[in-house]
Participant: 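What follows is a single structure, and I will ask about it in a moment.
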Amino acid sequence: MGDHSHGTDEHGHEHLGHPLSVRFLVGILMALLFLTVVTVGVSYIEMGRTVALLVALLVAVVKASLVALFFMHLRWDKPFNSVILVASMAFLILFIAFAKLDTGEYMHEITPMTEAPGYVEQGLKGN
Amino acid sequence: MAGSSITTALGDLGGLGSAGLAWLETRMVGLLAEGSIWTTGMPAAKSNHAGPIDSDYAFITIICTIFFVPITIALVYFAFRYKKAPGEKAESDVSHNTPLEVTWTVIPMLIVVVMFYIGFRHANMMYAAPADAYTVHVTASQWSWSFLHPSGAQMGGDIGKLSPDRKARETTDPDLGLHLPPGVPIRLVMNSTDVLHSFYIPEFRVKQDVVPGKTSSLWFTPDLPEGDEPDMYWLLCTEYCGKDHSNMLSAVYVHPTMESFLQWQTRATALDPDNPVESGAKLYVRKGCATCHSVAPDGSGPNTGPTWSGLWGLSADEHQVHEGSPTGPKRGVAMTGEAGEEYLRESIRNPTALWREGYIQPMAAVKVDDTELFFLIEYIKSLGKQ
Amino acid sequence: MNPPETAAATSTQVAEAPAVPNHYLNHSKGFLSWALTLDHKRIGLMYLVGVLGCFALGGIFALLVRTELWAPGDTIAGMFASPGSSPQEVYNMWFTVHGAVMVFLVIIPGVPAALGNFVLPIMLGAKDVAFPRLNLGSFYLWVIGALFFVYTLFNGGVDGGWTFYTPYSASQATNVIPALLGVFILGFSSIFTGMNFVVTIHKLRPPGMTWFRMPLFLWGSYATALIQVLATPVLGITLLLLIMEKTLHVGIFSPEYGGDPVLYQHFFWFYSHPAVYIMILPAMGIVSELISVHSHKRPFGYQFIAYSSIAIAVFGFLVWGHHMFTSTQSPAMNAIFSAITFSVSIPSAIKVFNWLATMWGGSIRLTVPMLYGLAFIFLFSIGGLTGLYLGTLSTDIHFHDTYFVVAHFHYVMMGSALIGMFGGVHHWWPKMVGRHYNGTLARISWALIFVGFNVTFFTQFLLGSQGMPRRYYDYLPRYEIYHKISTVGSYMMAAGFLIMAFYLLQSIFGGRKSPANPWGANTLEWHCTSPPPHDNFATAPAIEDCYDYSGIDYDAKIGGYTSRANP
Amino acid sequence: MSEHESHGDGHHAHHPHQAHHWDSMRQQFEAGKLGMWLFLATEVLLFGGLFCAYFIYRANYPELYEYGHHALDKVWGAINTVVLLVSSLTMALAVRASQVGNRKQLQAMLAITFLCGCGFMGIKAVEYKAKIDHGYLPGKLFNYAKTIEHEHEGHAHDGDHHDDHHGDGVAHAEGVFGAPAVSVVAPLEQTAQAQPAAPPSGLSASASRVAGDHAEHGHEDGDHGGHDGYLPVDGRPPNIHIFFSIYFMMTGLHGIHVLIGMAVIAWLLVVCRDGRFGPSYFTPVEIGGLYWHLVDLIWIFLFPLLYLI
């Protein structure tokens with residue numbers, strides 16, 4: 001966790017933040033809006049499920065990183081804050097990947113409850 | 001399930017390992033064999049899977065002993081050898097010793113690699129059943145087992161009962177339960193009609209969850225019985241499934257000869273058209289009705305479902321039912337004549353359409369052909385109010 | 001999160017260099033001074049009281065369960081069955097409540113929230129945790145969560161086992177939803193504690209307290225806190241999904257509506273396996289302290305122990321599938337999870353060896369905390385080694401969901417996590433209340449607990465390998481003898497804990513006053529008075545090597561130790 | 001690795017907002033931010049469970065999504081995305097204003113952000129209303145009859161039946177984004193015909209059977225209302241209700257977070273009047289901002305995953 005503090009001036013009333021220029025922030029918004037148009041536009045083009053998913057995710061990731069880096073100041077923050085965000089993402093991906101790997105392996109053999117012997121006759125159980 | 005790319009890949013990787021392992025096992029064959037002191041604690045080994053699993057058990061037990069005994073000795077010895085009065089300084093101020101620490105990191109690492117591999121290899125043997133296996137379709141529902149054989153013979157489980165002296169659990173009827181032919185691999189294809197259950201026979205070292213909405217399977221080859229009587233084992237449910245989880249047992253029989261198995265099969269399938277009541281009584285146990293419905297005049301026995309004793313002949317006010325669910329609209333159904341029979345037919349084939357007043361446990365529909373249905377209804381009528 | 005200006009309130013009551021006997025207990029008086037305190041020590045103490053209370057509650061249910069299992073068939077459950085219910089249902093509620101209370105109300109908050117809150121900031125040399133208000137908040141979340149459990153108890157109990165597997169939990173009619181909400185709230189209590197500790201350790205280390213000068217208990221707590229923050233939210237969403245499944249049939253977990261029950265197990269264990277390390281890691285940290293302090297020798301292989309804590313925390317996220325080897329999980333995932341599981345066993349083994357090496361050549365005092373430390377090493381070795389049987393794919397098929405598993409996790413959760421916690425309680429008790437407990441009684445109770453524990457649970461290994469399934473109200477007579485032995489053991493333990501309750505309470509009123517440093521430790525909490533002053537340290541303490549015992553001398557007059565460095 | 005906070009300044013007058021256990025405002029500020037980031041991590045993982053459910057069901061039953069997302073209105077979705085992105089900018093500007101100690105601007109920006117939040121929730125309400133009217137609801141609430149009826153009337157309208165879900169609200173939107181609507185119909189009709197031919201993995205055999213005996217006795221006893229969502233009828237994949245369960249749980253949880261964020265902003269608006277925020281102390285604004293941005297961040301993923309593909 002390589003974060004080291006910036007030191008403090010003797011009166012403790014120093015600038016803590018890192019004010020960004022308005023033009024810069026508006027620029028980021030423009031980029032985000034542009035990417036939104038892109039992702040909506042792309043969704044009208046016919047392409048395979050997987051491709052569509054990947055494209056959408058790619059754009060979303062770019063947008064997300066813009067927000068995180070500049071609106072949320074990660075770009076100028078202590079690295080450990082980014083480490084936390086990345087770590088949470090990493091564990092999430094890991095979770096999804098393992099669960100998917102498993103369900104993917106057996107889903108094909110899942111028979112819905114209605115297949116179970118005597119179930120069809122029984123009809124869908126009410127509650 | 002088996003033959004997944006990753007599994008096979010690991011298998012190939014293990015090719016080398018298996019050579020070394022074969023060597024290891026030949027060295028340790030005495031120790032790892034069934035019934036050696038290192039398999040103490042395990043139940044009798046009665047199937048083809050028991051050998052490998054017990055030898056893994058023995059191997060791990062040996063390793064654990066090798067680690068545990070010295071640790072304990074060191075613990076006690078140090079505690080007294082270095083016991084000192086308050087204020088005395090420690091004899092040593094060593095803070096670390098990298099070679100030593102690396103050693104006791106690397107050695108366990110190597111050991112667990114071997115351990116993983118043997119477990120992996122033996123578990124893989126248990127996934128795919130041989131092609132020629134004898135397949136039984138097992139249905140688990142709260143809280144009973146039902147076994148459907150290729151011959152069409154269907155049997156409910158035998159949960160047995162505690163002997164009066166509370167010293168043994170006795171089977172109730174030798175024809176009930178899971179009957180297996182000798183000497184052939186058995187494949188069980190399992191479904192659940194309600195919640196998770198798990199199929200477990202300790203002596204066979206097999207366990208597999210039975211998952212609603214999924215078809216799971218397992219296989220094993222039981223050992224041949226020594227005598228000319230069938231060997232009896234208890235099948236246990238090991239996945240918590242509610243109220244009577246601990247009573248979700250069944251007797252399992254391995255027949256000594258094909259003859260005795262076929263004799264059972266004949267008994268299990270035979271129905272006497274000229275004697276519908278008696279045939280209905282047979283179906284009552286085979287189809288598993290006996291696990292929930294009592295037939296004793298005094299109403300003793302299972303009470304999960306309404307008793308059949310005195311059911312036929314009830315008047316509409318005595319026999320109230322709810323439509324659709326235990327809390328649905330209520331009305332009376334007279335258990336007489338055509339209407340009564342119609343009600344019984346519906347309640348067997350589509351049990352959740354009408355719920356008897358005071359009973360909330362849903363019942364799984366029973367697969368019966370029209371003849372069987374006729375026999376069952378005749379049987380119920382025979383139990384009616386005189 | 002704790003807007004700092006809110007903390008301004010406390011800065012008014014900051015104690016100017018506190019003079020003994022002004023300490024955190026008598027610093028301010030009245031109910032509110034406790035109910036609204038922002039002092040981590042008071043919050044820790046309140047946690048400790050609550051946790052021990054719940055431990056008693058869970059213990060009572062454990063005894064009921066053991067008594068019921070004295071013989072096959074109905075033993076006592078029948079007496080508790082209301083007209084509507086059957087003995088089985090009563091028994092099922094007992095073990096469900098026992099499991100849920102012990103896991104969610106006792107073990108998980110036990111060491112981090114109770115002992116951690118009290119000790120961590122002082123050990124670190126900080127005045128308080130980073131977010132005192134959040135700390136108080138998470139305590140009240142814990143209380144609310146506990147109230148939900150109490151509600152379910154008085155409202156007919158809850159069924160389904162503490163794992164609440166679907167579809168049973170989604171289909172049955174007991175108080176599952178209140179219980180789940182309780183667990184959900186407890187989860188957030190645990191998350192906030194974890195956040196607090198991570199930030200405290202990052203931001204409140206005084207100059208000189210570098211990462212590798214931190215006492216090992218702090219390393220344990222830090223690893224724990226990371227898990228609490230990263231794993232617990234998944235439990236939260238899992239419970240919400242389950243509640244949705246129950247109320248709306250959303251069809252994620254219930255096959256009846258198109259869902260997948262095994263997916264629930266993935267969701268549940270993704271939290272609940274790391275949760276096992278939430279329970280054990282801080283206990284390991286405590287034991288590292290106990291062994292070093294009471295052997296008056298620096299921990300052997302400090303860095304290995306520190307790193308292994310982090311390693312366990314990280315690997316702990318990758319092994320949840322080993323709870324599902326027979327759940328129809330695919331063979332490929334079984335293999336992967338089994339392999340990673342074995343890799344977790346290594347750092348645990350390292351710790352055991354390091355503790356032994358720490359004792360070697362030390363100056364050992366068999367104090368009560370040390371006895372608990374030794375008990376921990378013994379029991380944890382058994383718990384850890386029996387884990388190998390369960391991590392091995394083939395043998396696990398036989399042992400899964402039998403009493404072997406029950407015995408294994410009791411050796412790890414109770415024999416290790418809780419014994420470690422009680423070791424910590426006995427170690428820091430003089431610091432907390434400023435008085436000593438009766439050593440003789442403490443040793444008797446320790447012996448009863450230690451022997452009773454092994455009688456109870458080692459027997460269950462035999463039961464398990466014989467094939468006795470868990471969560472059974474009734475059982476085959478062939479298991480009866482083991483159950484009888486096990487039940488006897490549980491009564492021995494109960495006796496031990498009763499004695500403990502007695503001498504701990506008695507010590508508060510009649511106990512001999514404790515000096516600042518009764519054990520000859522050198523970590524910072526022993527440098528301030530017993531009990532510590534409200535603000536822990538008048539001035540930022542001088543940070544020295546906290547495992548250097550050369551400067552610590554015994555002073556018979558005060559019956560404790562003094563430090564040459566800061567007298 | 002190691003990190004030394006500067007403790008040198010124990011002597012100077014403490015800032016009014018500096019708590020007793022901190023040595024400097026910076027230390028306190030950094031700690032607050034670190035704490036917030038840890039909290040955001042937990043939020044990511046909280047939503048993570050839902051994303052996991054989303055991806056697993058998407059991977060194993062894609063037909064649910066193929067069918068389901070046509071019931072959502074990507075126009076409203078896009079508008080909401082823009083609203084949220086703009087609010088993110090204004091929030092960032094609010095933080096900036098507090099950093100440079102410009103109170104007027106701070107208040108203005110917070111107010112705009114708050115209004116954007118209201119707008120977002122308003123549009124969500126419109127969307128939910130349409131779903132409820134047409135019976136596209138989670139789990140047992142899913143109303144077969146309504147949805148089918150709605151879709152048939154949809155087919156009556158030649159082509160543009162997917163934008164038609166929201167009556168006037170979208171009729172106007174349609175005027176703006178009308179063109180694309182037509183092209184969307186093709187895939188829907190495909191799925192409509194394709195379904196029986198290319199059944200969902202493993203499910204259809206039984207499913208159609210159930211549909212069969214549902215047709216027989218399903219309708220006369222009315223108590224099946226809640227369950228029709230499980231049945232494949234008119235080319236609808238079985239268990240279609242799962243898609244709407246996931247949709248409502250994800251957007252619902254997100255909506256709750258938006259409301260919490262708005263509450264935080266409202267609180268900031270109240271307390272910032274005394275001009276307490278300035279270069280040396282603006283932690284609450286910064287932290288509130290981080291939370292709001294995270295809400296935005298999550299929507300950035302929800303929008304394409306639910307509406308577009």
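Throughout, a chain's letter reflects where its sequence line sits, starting with A, and its residues are numbered from 1.
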Participant: So, for A:F95 and D:G49, which heavy atoms are closest and what is the spacing to 0.1 Å?
Facilitator: CE2-CA, 4.4 Å

Participant: Can you confirm whether A:F34 is buried at CZ, in the sense that more than 12 heavy atoms of other residues, nucleotides or ligands lie under 6.0 Å from that atom?
Facilitator: no

Participant: Could you check which of D:T81, D:L85, D:T42 has the highest count of heavy-atom pairs closer than 4.5 Å to chain A?
Facilitator: D:L85

Participant: Identify which part of D:L45 has an atom lying under 4.5 Å from any heavy atom of chain A, answering side chain, backbone, both or neither.
Facilitator: side chain

Participant: Using non-hydrogen atoms only, which part of A:T50 is less than 4.5 Å away from chain D: side chain, backbone, both, or neither?
Facilitator: neither

Participant: I want to check something: taking the side chain as every heavy atom from C-beta on, are A:K63 and D:L297 in contact at a cut-off of under 4.5 Å?
Facilitator: no

Participant: Does the side chain of D:L34 reach to within under 4.5 Å of the side chain of A:I84, using non-hydrogen atoms?
Facilitator: yes

Participant: Give the minimum heavy-atom separation between D:A92 and A:F71, together with the two atoms involved.
Facilitator: CB-CD2, 3.9 Å

Participant: What part of A:T36 gets closer than 4.5 Å to chain D, counting heavy atoms only: side chain, backbone, both or neither?
Facilitator: side chain

Participant: Measure the shortest side-chain to side-chain distance between A:F70 and D:H293 over non-hydrogen atoms and say whether it is less than 4.5 angstrom.
Facilitator: no

Participant: In Å, rounded to the nearest 0.5 Å, how long is the span from CG of A:L53 to OH of D:Y65?
Facilitator: 10.5 Å

Participant: Which bit of D:L38 is near chain A, if near means a heavy-atom gap under 4.5 Å: side chain, backbone, both or neither?
Facilitator: both

Participant: Please round to the nearest 0.5 Å and tell me the distance separating atom CG of A:D77 and atom NZ of D:K33.
Facilitator: 3.5 Å

Participant: Is the shortest heavy-atom distance from the side chain of D:F47 to the side chain of A:L92 under 4.5 Å?
Facilitator: no

Participant: So which of D:A53, D:G278, D:P62 has the biggest tally of heavy-atom pairs under 4.5 Å with chain A?
Facilitator: D:P62

Participant: D:Q99 and A:P19: which non-hydrogen atoms are nearest, and at how many Å?
Facilitator: OE1-CA, 3.1 Å

Participant: Please examine the side chains of D:N60 and A:K100, heavy atoms only from C-beta on, and report whether any two atoms are closer than 4.5 Å.
Facilitator: yes

Participant: Look up atom CH2 in D:W37 and atom NZ in A:K78, then write down how far apart they are to the nearest 0.5 Å.
Facilitator: 15.0 Å

Participant: Relative to chain D, which segment of A:V37 carries a heavy atom at a distance below 4.5 Å: side chain, backbone, both, or neither?
Facilitator: neither

Participant: Distance check, rounded to the nearest 0.5 Å: D:S88 atom OG versus A:L32 atom CG?
Facilitator: 8.0 Å

Participant: Within the structure provided, determine whether A:L85 and D:L40 are in side-chain contact (heavy-atom separation under 4.5 Å).
Facilitator: no

Participant: Checking A:V42 against chain D: side chain, backbone, both or neither under 4.5 Å from a heavy atom?
Facilitator: neither

Participant: Do any N or O atoms from the side chain of D:R96 and from the backbone of A:L20 form a donor-acceptor pair under 3.5 angstrom?
Facilitator: yes

Participant: Distance from D:M91 atom CE to A:M72 atom CE, nearest 0.5 Å?
Facilitator: 11.0 Å

Participant: Taking the side chain as every heavy atom from C-beta outward, state whether D:L93 and A:L25 have any atom pair closer than 4.5 Å.
Facilitator: yes

Participant: Check each atom of A:L66 against the heavy atoms of chain D and say whether the ones under 4.5 Å are side chain, backbone, both or neither.
Facilitator: neither

Participant: Shortest non-hydrogen contact from D:D296 to A:V67?
Facilitator: OD2-CG2, 4.0 Å

Participant: So how far is it from D:I300 CD1 to A:S65 OG, rounded to the nearest 0.5 Å?
Facilitator: 9.0 Å

Participant: With only heavy atoms counted, which part of D:I298 is less than 4.5 Å from chain A, the side chain, the backbone, both or neither?
Facilitator: neither

